[in-house]
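One structure is given below, encoded as structure tokens.
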Amino acid sequence: MFIDFNQIARIGKIVALLGFFLPWITVSCSNTEILKATGWQLMIGDPQPAGPLEGMSGQTDIDKDSEPAVIIIVAFAVIALGLAISLLTRAKTAAIAMLATSVLGIGISYYGVSNMRTELRREISEQQQHQGGGGSDNPFFSADQQRELSQAVSSSITVEEKEGYVVTHSGLLLAAIFALLTIFRRRTAAAEPVAPAS
């Protein structure tokens with residue numbers, strides 16, 4: 001029985017794209033959830049307040065300034081492009097396209113979430129410094145103490161990947177593995193010597 005590995009890889013790609021519509025990340029401060037977003041909400045710049053901030057959509061500083069996450073949009077586009085190419089090309093080319101776009105999709109989405117984590121901490125640290133009076137003007141804390149305080153607050157912020165992120169990466173991993181199997185199968189078939197006619 002012949003198993004079409006490319007079909008399984010395509011299913012993996014579809015699963016990866018569906019993962020964007022599931023919860024992707026939550027943002028917590030000192031173990032209290034304050035923000036959540038699906039991959040799609042990250043792409044359109046519409047994260048939702050959570051925990052004690054739930055129901056305050058558009059009223060908090062956290063989600064008021066939200067912009068579309070360009071890196072997550074690029075990850076989605078790369079995955080969708082890989083799927084489209086795989087449907088329009090022959091087996092080996094389709095497998096190579098799916099392998100390349102799966103690896104790229106994993107790398108870009110991982111970088112996107114890591115970058116989000118870094119940017120969020122940086123923004124919070126900057127806000128803390130501005131609220132503290134920007135340095136030596138504050139009569140209660142020295143500039144060094146204000147810096148330490150802002151570092152402590154920013155380090156208590158955590159960005160946690162949720163099931164949608166895991167589903168997306170699992171689908172991409174599945175697609176990459178089966179695309180690789182297609183490539184190896186083709187290579188092995190091409191390398192096998194043709195039996196001489198008797």
query = Linking I/L/V/M/F/W/Y whenever any side-chain heavy atoms sit under 4.5 Å apart, do I14 and M43 land together?
reply = yes
query = Is there side-chain contact between L83 and R10, with heavy atoms separated by less than 4.5 Å?
reply = yes
N/O donor-acceptor pair under 3.5 Å between T38 side chain and P23 backbone = no
task = Flag the pair T101 / I85 as yes when at least one side-chain heavy-atom distance between them is below 4.5 Å, and no otherwise.
result = no
key: Within-4.5 Å side-chain heavy-atom neighbours: L173 and H169   = no
key: Distance, nearest 0.5 Å, that separates CD1 of I96 from CG of L180   = 10.5 Å
query = Are I79 and W40 co-members of a hydrophobic cluster defined by side-chain heavy atoms under 4.5 Å apart?
reply = yes
ask   = Going from OG1 on T93 to CE on M98, what distance comes out if it is rounded to the nearest 0.5 angstrom?
value = 10.5 Å
request  = Using a 4.5 Å cut-off on heavy atoms from C-beta on, say whether the side chain of M116 contacts that of L42.
outcome  = yes
ask   = What do you reckon, is OH of Y111 surrounded by more than 12 foreign heavy atoms closer than 6.0 Å?
value = no
message = Nearest 0.5 angstrom please: N6 CG to K13 NZ, how far?
response = 11.5 Å
request  = Write down the atom of A95, the atom of A179, and the distance for their closest heavy-atom approach.
outcome  = O-CB, 3.3 Å
task = Enter the distance from L172:CG to L99:CG here, rounded to the nearest 0.5 Å.
result = 11.0 Å
task = Establish whether I11 and I177 are linked, either directly or via other cluster members, by ILVMFWY side-chain heavy-atom contacts under 4.5 Å.
result = no
request  = Taking the side chain as every heavy atom from C-beta outward, state whether L174 and F178 have any atom pair closer than 4.5 Å.
outcome  = yes
request  = Check step by step if side-chain contact (heavy atoms from CB on, under 4.5 Å) holds for V78 and I108.
outcome  = CA-CA 9 Å; V78 163; I108 294 169; 4.0 Å; yes
query = Roughly how far, to the nearest 0.5 Å, is the CD atom of E163 from the CG atom of L22?
reply = 6.5 Å
inquiry  = Please verify the inter-ring angle class for W24 with Y165; under 30° counts as parallel, over 60° as perpendicular, anything in between as tilted.
reply    = perpendicular
request  = Report whether I106 and L104 are members of the same hydrophobic cluster (ILVMFWY, side-chain heavy atoms less than 4.5 Å apart, transitive linking).
outcome  = no
request  = Considering non-hydrogen atoms only, spot the tightest contact between S102 and A175 and give its length.
outcome  = OG-CB, 3.4 Å
task = Using the side chain to side chain contact (heavy atoms under 4.5 Å, CB included) rule, pick out the option among L35, I72, V159 that qualifies with I25.
result = V159
query = Does the side chain of L17 come within less than 4.5 Å of F76's, by heavy atoms?
reply = yes
message = So, taking the atom named CD in Q41 and the one named CZ in F20, what distance separates them when rounded to the nearest 0.5 Å?
response = 13.5 Å
message = Count I, L, V, M, F, W, Y as connected when their side-chain heavy atoms are under 4.5 Å apart, and connections chain through other members. Are V103 and F184 then in the same cluster?
response = yes
task = Could you tell me whether the side chain of E33 reaches within less than 4.5 Å of the side chain of S28, counting heavy atoms only?
result = yes
